[in-house]
Amino acid sequence: FFIGAKQEIFRLAEDFNRRYESSKLTTSDLTLLLAIIKLKTVKPITSFLNQKDHQYVTVDETQDLAFLELFNLANLVKKQSSLTLVGDLGQQIYSETNISQWLGGVSPFYLSVSHRSTYQIMNFAESTLGEGRKVSGRKGDVPKLFILNNENVAVRELINYIKENQEKQDNDLITIVARTSKYANYLFSLLRPSFGSSVRRLSLDNLDEVDGITVAGLKEVKGLEFPHVILWDVGYLNYPDSQLGRKALYVGSTRAEEQLTLFGFSQISPLISKRSNLVEVYEESYYEEQNLSAEEHNLSALNEFIGNEGD
């Protein structure tokens with residue numbers, strides 16, 4: 001049920017041959033070899049892996065799979081009806097491939113009830129995609145948007161905001177998400193003097209923490225969920241009006257289960273409407289204190305620590 005599977009695999013095989021001649025093959029090429037073997041024989045893929053046939057297969061996070069990965073996984077079952085693919089195209093930030101272009105005869109089933117994030121969080125997140133998708137779910141607080149004059153003020157207010165929340169909610173876990181891992185490292189260094197060991201960088205060793213402060217990059221939290229998420233620096237450089245920018249903001253927002261807070265300074269992302277009822281806005285008078293332009297308020301180190309969207 002793959003549309004144009006042979007043509008796509010042959011195209012990839014030509015690139016494989018060029019890299020083979022240049023001795024530039026990697027372990028990822030095993031995926032292609034497995035697909036070629038499948039095309040040349042009627043045997044199921046499981047026979048080459050010394051495994052029994054699978055009666056049913058469910059694949060999660062399908063939106064980020066490359067064609068070959070999806071092709072090989074699909075061929076673990078004998079019948080199309082035995083395969084279930086689960087994914088959210090709104091969270092597709094690794095691959096530009098739309099899985100729907102490869103699949104024929106597939107019956108899609110769209111989920112519209114949010115069981116993780118509140119309705120208010122999902123309503124905001126869906127608005128960033130601009131696709132008009134409707135969701136329902138349990139009620140909660142409207143996301144908060146803090147717009148500050150510059151980074152120094154924003155960091156100060158972030159520290160105050162965290163301390164206030166820790167007092168009100170008995171030090172419950174707060175997860176701060178920066179656009180890139182490099183930017184998360186920088187933010188972590190700014191918070192460490194105020195919070196000491198209670199603030200940490202996200203790692204495999206502390207995924208189960210239930211209190212304190214965790215700082216992470218956007219791609220580090222993909223697939224994870226946290227009760228209270230703060231998206232740091234929701235500016236136009238981090239979340240531009242582009243397909244990747246929209247999906248990145250969607251991914252970050254939907255990590256929050258109960259509470260979503262956004263901090264921005266300088267120029268806010270055009271994907272966020274300050275005049276809608278989707279966010280509760282707390283805004284300083286822009287550049288009033290020092291009478292500086294937006295350009296003058298941009299930090300010299302900002303671009304260095306933001307990195308690029310590919311991080």
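Because only heavy atoms are used, hydrogens play no part in the values below, and waters and symmetry mates are left out as well, while side chains stay in. The chain is numbered in sequence order, starting from 1. Not measured: the values here are computed from a predicted model.
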Item to check | Charged N-O contact under 4.0 Å between Glu280 and Lys274 | outcome: no
Checklist entry - Is Leu260 reachable from Leu224 through a run of I, L, V, M, F, W or Y residues, each pair having side-chain heavy atoms under 4.5 Å apart? => result yes
Next on the checklist: Below 30° counts as parallel, above 60° as perpendicular, anything between as tilted: where do the rings of Phe146 and Tyr282 land?
Outcome noted: parallel
Checklist entry - Looking at side-chain heavy atoms only, is the closest gap between Gln166 and Asp172 below 4.5 Å? => result no
Item to check | Short N-O contact, Glu225 and Arg255, less than 4.0 angstrom | outcome: no
Next on the checklist: Is any side-chain heavy atom of Leu158 closer than 4.5 Å to one of Trp232?
Outcome noted: yes
Checklist entry - Is any side-chain heavy atom of Val113 less than 4.5 Å from a side-chain heavy atom of His115? => result yes
Item to check | Cluster check Val234, Tyr250: I/L/V/M/F/W/Y, side chain < 4.5 angstrom | outcome: no
Checklist entry - Can Leu145 be reached from Leu218 by stepping across I, L, V, M, F, W or Y side chains whose heavy atoms are under 4.5 Å apart? => result yes
Checklist entry - Do Ser117 and Glu257 come close enough that some side-chain heavy atom pair is under 4.5 Å? => result no
Checklist entry - Are Gln91 and Lys247 close enough, and set up right, to give a side-chain contact (heavy atoms from CB on, under 4.5 Å), and what steps lead you there? => result CA-CA 6 Å; Gln91 297 188 43; Lys247 291 182 176 181; over 6 Å; no
Item to check | Closest contact, heavy atoms only, Ile159 versus Ser194 | outcome: CD1-OG, 3.4 Å
Next on the checklist: Checking the side chain of Arg179 only, and the main-chain atoms of Ala184 only, is there a donor and an acceptor separated by less than 3.5 Å?
Outcome noted: no
Checklist entry - Between atom CD of Gln169 and atom CD of Glu258, what is the distance when rounded to the nearest 0.5 Å? => result 10.0 Å
Checklist entry - For the residue pair Gln259 and Ile121, what are the closest heavy atoms and their distance? => result N-CD1, 3.8 Å
Item to check | SB check Asp241 Arg246 (cutoff 4.0 Å) | outcome: yes
Next on the checklist: Which heavy atom of Arg201 sits nearest to which heavy atom of Ala216, and what is that distance?
Outcome noted: NH1-CA, 3.4 Å
Checklist entry - Can you find a heavy atom in the side chain of Phe226 that is under 4.5 Å from one in the side chain of Val177? => result no
Checklist entry - Does one hydrophobic cluster hold both Val279 and Met122, with members joined at side-chain heavy-atom distances below 4.5 Å? => result no
Item to check | Nearest-0.5 Å distance that lies between atom OH in Tyr239 and atom CG in Asp233 | outcome: 8.0 Å
Next on the checklist: Tell me if a side-chain donor or acceptor on Asn206 pairs with a main-chain N or O of Leu202 at a distance below 3.5 Å.
Outcome noted: no
Checklist entry - Nearest 0.5 Å, what's the CG-CG distance between Leu173 and Asp208? => result 11.0 Å
Next on the checklist: For a quick test of reading the model, state the closest non-hydrogen atom pair linking Pro240 to Leu271 and the distance between them.
Outcome noted: O-CD1, 3.5 Å
Item to check | OG on Ser253 to CG on Leu278, rounded to 0.5 Å | outcome: 11.0 Å
Next on the checklist: In the structure I gave you, are the side-chain heavy atoms of Val221 and Val229 within less than 4.5 Å of one another anywhere?
Outcome noted: no
Next on the checklist: Phe265 vs Val153, test: side-chain contact (heavy atoms from CB on, under 4.5 Å). Steps then yes/no.
Outcome noted: CA-CA 9 Å; Phe265 47 92; Val153 176; over 6 Å; no
Next on the checklist: Quick check for you: to the nearest 0.5 Å, what is the distance between Ile174 atom CD1 and Phe195 atom CZ?
Outcome noted: 8.0 Å
Next on the checklist: What verdict does the side chain to side chain donor-acceptor pair (under 3.5 Å) test give for Tyr119 and Ser136, after you've listed the backbone C-alpha separation in whole Å, the side-chain angles of each residue and the deciding distance to 0.1 Å?
Outcome noted: CA-CA 6 Å; Tyr119 166 76; Ser136 60; over 6 Å; no
Item to check | Main-chain N/O of Arg200 paired to Thr214 side chain as donor or acceptor, under 3.5 Å | outcome: no
Checklist outcome for this item: Nearest heavy-atom approach of Thr261 to Phe263 is CG2-CE1, 3.8 Å
Next on the checklist: What's the separation between atom CD in Gln267 and atom CG in Leu237, rounded to the nearest 0.5 Å?
Outcome noted: 8.5 Å
Item to check | Side-chain donor-acceptor pair present, His228, Thr175, cut-off under 3.5 Å | outcome: no
Checklist entry - Do you reckon Val135 sits in the same ILVMFWY cluster as Val142, going by side-chain contacts under 4.5 Å, direct or chained? => result no
Next on the checklist: Let's go through Ile162 and Ile176 carefully: what are the C-alpha distance in whole Å and the side-chain angles of both, what is the deciding distance for side-chain contact (heavy atoms from CB on, under 4.5 Å) to 0.1 Å, and is it a yes or a no?
Outcome noted: CA-CA 10 Å; Ile162 292 173; Ile176 309 172; 3.7 Å; yes
Next on the checklist: For a side chain to side chain donor-acceptor pair (under 3.5 Å) check, start with the C-alpha distance between Glu220 and Ser181, then their side-chain angles and the critical distance, and finish with the verdict.
Outcome noted: CA-CA 8 Å; Glu220 297 169 14; Ser181 296; 2.6 Å; yes
Item to check | side-chain contact (heavy atoms from CB on, under 4.5 Å) between Thr118 and Asp141, worked out | outcome: CA-CA 8 Å; Thr118 64; Asp141 295 330; over 6 Å; no
Checklist outcome for this item: What one should report as the nearest heavy-atom pair of Leu262 and Pro143 is CD1-CB, 4.2 Å
